[in-house]
Chemist: 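Right, I'll just put the structure down here and ask away after.
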Amino acid sequence: MPEFDTDSKLAQEYKYGFYTDIEQETIPKGLSEDVVRIISAKKEEPEWMLEWRLKAYRRWLKMSEPRWAYLDYPKIDYQDIHYFSAPKKQEEGQEMDPELLKTFERLGIPMNEREALSGVAMDVVFDSVSVGTTHTELLEKEGIIFCSISEAIQKHPDLVKQYLGTVVPPSDNFFAALNSAVFTDGSFCFIPKGVRCPMELSTYFRINAADTGQFERTLIVCEDDAYCSYLEGCTAPARDNNQLHAAVVEIVALNNAEVKYSTVQNWYAGDENGKGGIYNFVTKRGHCRGHHSKISWTQVEVGAAITWKYPSVVMEGDYSSGEFYSVALTNKKMQADTGTKMIHVGKNTSSTIVSKGISADQSSNNYRGLVQVNPGADNARNHSACDSLLIGRECSANTFPYIESENASAVLAHEATTSSISEEQLFYLRSRGIAEEDAASLVVRGFCKDVFKQLPLEFSVEAIKLLEIKLEGSIG
Amino acid sequence: MADLEIKNLHAQIGDVKILKGVNLEINKGEVHALMGPNGSGKSTLSSVIMGHPDYEVTEGDILFMGESILEMDPEERAKAGVFLCFQYPVAVPGVSISSFLKKAVDARHPEGKAPSGPFLKEMRENMAFLEMDASFANRGLNEGFSGGEKKRMEILQMMMFKPGMVIMDETDSGLDIDALRIVSKGVNKMKNDDMGLLVITHYERILTYIKPDHLHILMEGRVVMSGGPDLVKELEEKGYDWVREQAAATA
């Protein structure tokens, strides 16, 4: 591993900013039908998959990048990106490359099953490929499939064909079409009828190679009466140029099924002058297809230079429900335009939105949300609470809530607040012996409590630590 | 030398001069009451002792245990043993009382972390003593509290931190008779030779529960009269006009 100055200020703030020097196989920069074919061939995909990709690619060529978000960034040159980069394959039967193992250890992800976090099954995606999944055998006994999407395409083509692109069709938006054409890896989770997944399923995404885009594709299916909780984490090296991450995540919940999806997003966010950082353009959507199904998104977004992300739930089944809990922290020159869409289709559906935006330094933090009630969605209920906390005087926060109701029986409630950490709060806490920075982080923690309590315990502890590290230096 | 010495203290907020030469000496084990009409500078004095950043000290000094605390941050003053019972305690939504108290107790602990077991035990005992329900510990700090609950919370903190010098800033304002009784019970339990107390108040009512050894009267930013417990009665009968006349006569 090349030296990463661990004493530098950046290293203190972003300890994941190192780069792993490993032999990688990278295809030349640029995007064309040939590149799509190369990716598909590298993954030894069946013909139908290649056709699906090509169709998406042709569609993408006719689309243009959305510019409605409250974000300001230079034009992305899609020909200046590597669309595939992977660590060189080990010989058949060999263990994972020791350099990779070291990398993940350093990231706090033990890949050795004996040391692996008990109660969490991990899939790890390094640049364009999944490099290992833990606890698969244990899960197989329950009939649960948890593997990389590439493996699923080969081993479970019928399931993939049945569900892929049914929640987020390739034509959905510019970035979804791009992802559909060039996605390289991600996770596939299938929980069969009546099974409660006994452990957390988790994917860790790592971008390592330079000038490489990461196009992850994740698909989660819970059949009738099934349940799973899925966690996602992400980091990248600190580099001066921007890198693109364009992901698509699809969730399907059938009758009485429940999926909890939690994200701690900590992509490299660029330096204090706004140089470098990940452009994070993500389409995440869940489909409550069955009655009484439930999909819940919890996200803690603390990284990325640009975030464009609206995890959504389409509640088609009667009595289904959607939830969105979000903490989005921006500091330095970061920009986030994030929120959710709750689409009420079935009868007696309900949704909850809790969004906590924290902005510090010169960052810009925007909540954008849509609550849509279709004509047939009798008795839809929504409760939205969007709070913004400002730290300092140079940052900004905006809330853009959209409500489209076509059914008079809907009951929709929206609350929004904007506040700053007040001098009086800080003085009160300091007068109790608590140092100024600790006092400020206590206020921030309290502000985020409603979201943090949704996270699995280890994740919530991790998330609190992350916020504290991020806010150091932004207070006072 | 007294444990808390306020010497010729002048303080202002913006250009408005509020304290104009306050002198006051309080020892541990003593109870002092400070009374005065509205706008005389009582609350300012308590804020300045605690180090509120909005106030500027232009002259004089505050010594605690022989050391000037003027250059110390509020958190350092707190750790040195100064405690202010706020007149208007501030809400910190989402921060539970137990986690807040733990953080503050940890800050005072020589190793930076107090053991959880004894801490929780002590917190529960003190809460029971103050007739607070155990479930209170999980509520957000001062979040949606009634006036009486906020003041009990202040006393709970005092009991947990065991300060050497306590300033109570109109703790009795807005309290009903039951809450006042409970608050006083807490203060009286804490009263010992290791703690000095400055009770700032508008009403002599609290002084029938917490008996002062000394009474000072603050007017226009100065202590204009000091006396023993009998002065409380005299003040009640004769009013501040009498104090003004006396002050003018001696000036």
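In what follows, every heavy atom counts, from backbone to side chain, and hydrogens, waters and symmetry copies are set aside. Since the model is a prediction, treat every value here as computed from it, not as a measurement. Each chain gets a letter, A, B and so on, in the order its sequence line appears, and its residues count up from 1.
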Chemist: Hey, which of B:P53, B:G140, B:P93, B:A107 has the most heavy atom pairs under 4.5 Å with chain A?
Modeler: B:P93
Chemist: With only heavy atoms counted, which part of B:L101 is less than 4.5 Å from chain A, the side chain, the backbone, both or neither?
Modeler: neither
Chemist: Is it the side chain or the backbone of B:A80 that comes within 4.5 Å of chain A heavy atoms, both, or neither?
Modeler: neither
Chemist: Distance-only criterion, 3.5 Å: which donor-acceptor pairs connect chain A and chain B?
Modeler:
residue, atom, partner, partner atom, Å
A:E424, OE2, B:H52, NE2, 3.1
A:Q425, NE2, B:A91, O, 3.1
A:Y428, OH, B:N142, ND2, 3.4
A:Y428, OH, B:E154, OE2, 2.3
A:Y428, OH, B:Q157, NE2, 2.9
A:R430, O, B:E75, N, 3.3
A:R430, NE, B:E75, OE1, 2.6
A:R430, NE, B:E75, OE2, 3.4
A:R430, NH2, B:E75, OE1, 3.1
A:R432, O, B:R108, NH1, 2.6
A:R432, O, B:R108, NH2, 3.2
A:R432, NE, B:Q157, OE1, 2.6
A:R432, NH1, B:L84, O, 2.7
A:R432, NH2, B:L84, O, 3.0
A:R432, NH2, B:E154, OE1, 2.5
A:E436, N, B:E75, OE2, 3.3

Chemist: Quick one: does A:L429's side chain get under 4.5 Å of B:L141's, heavy atoms only?
Modeler: yes
Chemist: Counting neighbours of OH on A:Y70 that are heavy atoms of other residues, nucleotides or ligands and sit closer than 6.0 Å, is the number greater than 12?
Modeler: no
Chemist: Does A:F427 reach the side chain of B:V90, with side-chain heavy atoms less than 4.5 Å apart?
Modeler: no
Chemist: Heavy-atom distances under 4.5 Å only: say whether B:P89 touches chain A with side chain, backbone, both or neither.
Modeler: both
